[in-house]
2 protein chains.
Amino acid sequence: MHYTRDNMAGLLRSHDINPTHQRIEIAYALFSRQEHLSADQVMAIVNTRHSETSKATVYNTLKLFLEKGLVREVIVDPSKVFFDPNTSPHHHLYEVDSGKLSDIDAEHVVISGLPPLPAGMVTEGIDLIVRVRRTS
Amino acid sequence: MHYTRDNMAGLLRSHDINPTHQRIEIAYALFSRQEHLSADQVMAIVNTRHSETSKATVYNTLKLFLEKGLVREVIVDPSKVFFDPNTSPHHHLYEVDSGKLSDIDAEHVVISGLPPLPAGMVTEGIDLIVRVRRTS
DNA sequence: CGCCGATCTGGACTTTGTCTAATATTCGGA
DNA sequence: TCCGAATATTAGACAAAGTCCAGATCGGCG
């Protein structure tokens, strides 16, 4: 799959999101790179040429994408949230020193022995984060 | 084990931490409750009577406790970090709506099938967070 | 073309956390 | 017990991420 700006409109529509210029740019930033980006990084990318999209819009849009299931939130760094265009089940590898974040395919990972949930609760998601450090 | 302020001095010393009044109060807040507290909450608890401990000290002290392995950091909420006085291996259950955070004993949980780490990397920790929501 | 709801915007604001330079406390030794 | 050095604490200014709002703008449709 190759992502273009034209693709994005369809992708947004299929998730029940009105495709505006700004939303297409933001989606394109995330999907064309297939990387974990923070709101700051998205802003920087989208505004490389001339300033085009405001901070408020970037935050609003990312929140909208999140609600509509277009992206996923990854909380590994206390100082900022990352947004992940990969919504298929997977886990994360976080390099503590460099801040580099990468995916771990969930296909072969098995988590067993979790206790039953408290009554009246449903699982919204299971986040598994492997924190690694360069050997010193 | 029953925690008293007097206990705390020994606990701190055993972790190579100089036991000062403020540090004892902060340690006592965490250990006597055995709960996950944010820096804000620690501040509020420690300063209930009259203002006794400054913001800077609370943050400095929590960071020190972290370095010395006295507490653990739990990153589940993008807006604040929680500190966990339980350093034995365990996982976390996070109630998304209420923000309530509780422990899952690691004893019976098995995680298998993780891919090998990139060369020159060591695992610093594995965080498993089960995000749950009340059935609506 | 003009309307109307949806979207975008700048900028003020909040919250969490950091930094700094001055002050205070603690600890070990005599 | 007293002293000096090292360590710890403090208030308050600052920084960064994120939220909020009221007004401006857009874009599709009649």
Side-chain angles (χ1 to χ4, degrees), chain A residues 5 8-9 12-13 15-30 36-47 49-68 70-71 73-84 99 101, chain B residues 5-6 8-10 12-29 36-47 49-68 70-71 73-84 99 101:
Chain A
R5 282 182 177 74
M8 292 301 109
L12 294 180
R13 270 193 213 94
H15 284 261
D16 201 22
I17 298 170
N18 214 329
T20 64
H21 294 317
Q22 290 88 341
R23 288 172 183 175
I24 288 171
E25 281 306 311
I26 291 170
Y28 183 68
L30 282 161
H36 306 83
L37 300 177
S38 64
D40 264 31
Q41 291 174 305
V42 170
M43 263 249 277
I45 291 168
V46 164
N47 291 334
R49 307 176 162 279
H50 358 72
S51 192
E52 290 151 350
T53 304
S54 72
K55 185 166 64 148
T57 297
V58 170
Y59 279 99
N60 289 342
T61 301
L62 289 171
K63 201 200 275 183
L64 179 69
F65 285 3
L66 202 57
E67 281 163 11
K68 299 293 190 178
L70 193 61
V71 301
E73 209 177 22
V74 186
I75 304 170
V76 284
D77 184 309
S79 73
K80 67 182 77 167
V81 172
F82 288 97
F83 294 88
D84 187 348
L101 184 61
Chain B
R5 282 182 176 74
D6 285 350
M8 292 301 111
L12 294 179
R13 270 194 212 94
S14 75
H15 281 77
D16 202 21
I17 298 169
N18 215 329
T20 65
H21 294 318
Q22 290 89 338
R23 289 172 180 174
I24 288 171
E25 281 306 310
I26 291 171
Y28 184 68
H36 306 83
L37 300 177
S38 64
D40 264 31
Q41 292 175 305
V42 169
M43 264 248 279
I45 292 168
V46 164
N47 290 335
R49 309 177 160 276
H50 359 72
S51 191
E52 290 152 348
T53 304
S54 72
K55 185 165 64 147
T57 297
V58 170
Y59 279 98
N60 288 343
T61 301
L62 289 171
K63 199 201 276 182
L64 179 69
F65 285 5
L66 203 56
E67 281 163 13
K68 299 295 189 177
L70 192 61
V71 301
E73 208 177 21
V74 186
I75 304 172
V76 284
D77 183 310
S79 72
K80 65 181 78 163
V81 172
F82 288 97
F83 294 87
D84 187 346
L101 184 61

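First the proteins, then the strands, lettered A, B, ... as listed; each starts at 1.
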* Structure fact -> Separation of D:dT9 atom P from B:I24 atom CD1, nearest Å, is 10 Å
* Atom pair distance, as rounded to whole Å: NZ in A:K80 and C1' in D:dT19 -> 18 Å
* Asked: Could you state the CD1-C1' distance from B:I17 to D:dT7, rounded to the nearest angstrom?
  -> 14 Å
* Hey, does the side chain of B:Y59 come within less than 4.0 Å of C:dG17's phosphate (OP1/OP2), counting only N and O? -> yes
* Structure fact -> Heavy-atom nearest nucleotide on DNA chain C taken for B:P19 and for B:F83; more 5' hit belongs to B:F83
* Nearest whole angstrom, please: distance from the P of D:dG18 to the CE of A:M43. => 10 Å
* To do: Using atom CG of B:L66 as one end and atom C1' of C:dG17 as the other, report the distance to the nearest whole Å.
  => 14 Å
* Min side-chain heavy-atom separation B:F83-B:V74 under 4.5 Å -> no
* Asked: Within the structure shown, what part of the strands sits under 4.0 Å from B:S38 by heavy-atom distance: base, sugar-phosphate, or nothing?
  -> nothing
* Under 4.0 Å protein heavy-atom contacts per nucleotide of nucleotides 5-11 of chain C, with B for base, S for backbone only and - for none -> --SSBB-
* Asked: Has the side chain of A:R13 got a donor or acceptor atom that lies under 3.5 Å from a matching backbone atom of A:N18?
  -> no
* Asked: Does a side-chain N-to-carboxylate-O contact under 4.0 Å join A:K80 and A:D40?
  -> no
* B:F65 vs B:I17 side-chain heavy atoms within contact, under 4.5 Å -> yes
* Starting at NZ of B:K63 and ending at P of D:dT9, how long is that distance when rounded to a whole Å? -> 14 Å
* Asked: Can you check whether A:E73 reaches A:D84 side chain to side chain, under 4.5 Å on heavy atoms?
  -> no
* Asked: How many angstroms lie between atom CG of A:L70 and atom CG of A:D16, to the nearest 0.5 angstrom?
  -> 11.5 Å
* Asked: Going from CG on A:L62 to CE on A:M43, what distance comes out if it is rounded to the nearest 0.5 angstrom?
  -> 10.5 Å
* Structure fact -> To the nearest angstrom, the CG-C1' distance between B:D16 and D:dA8 comes to 15 Å
* Asked: Whole-Å distance between D:dA8 C1' and B:K68 NZ?
  -> 14 Å
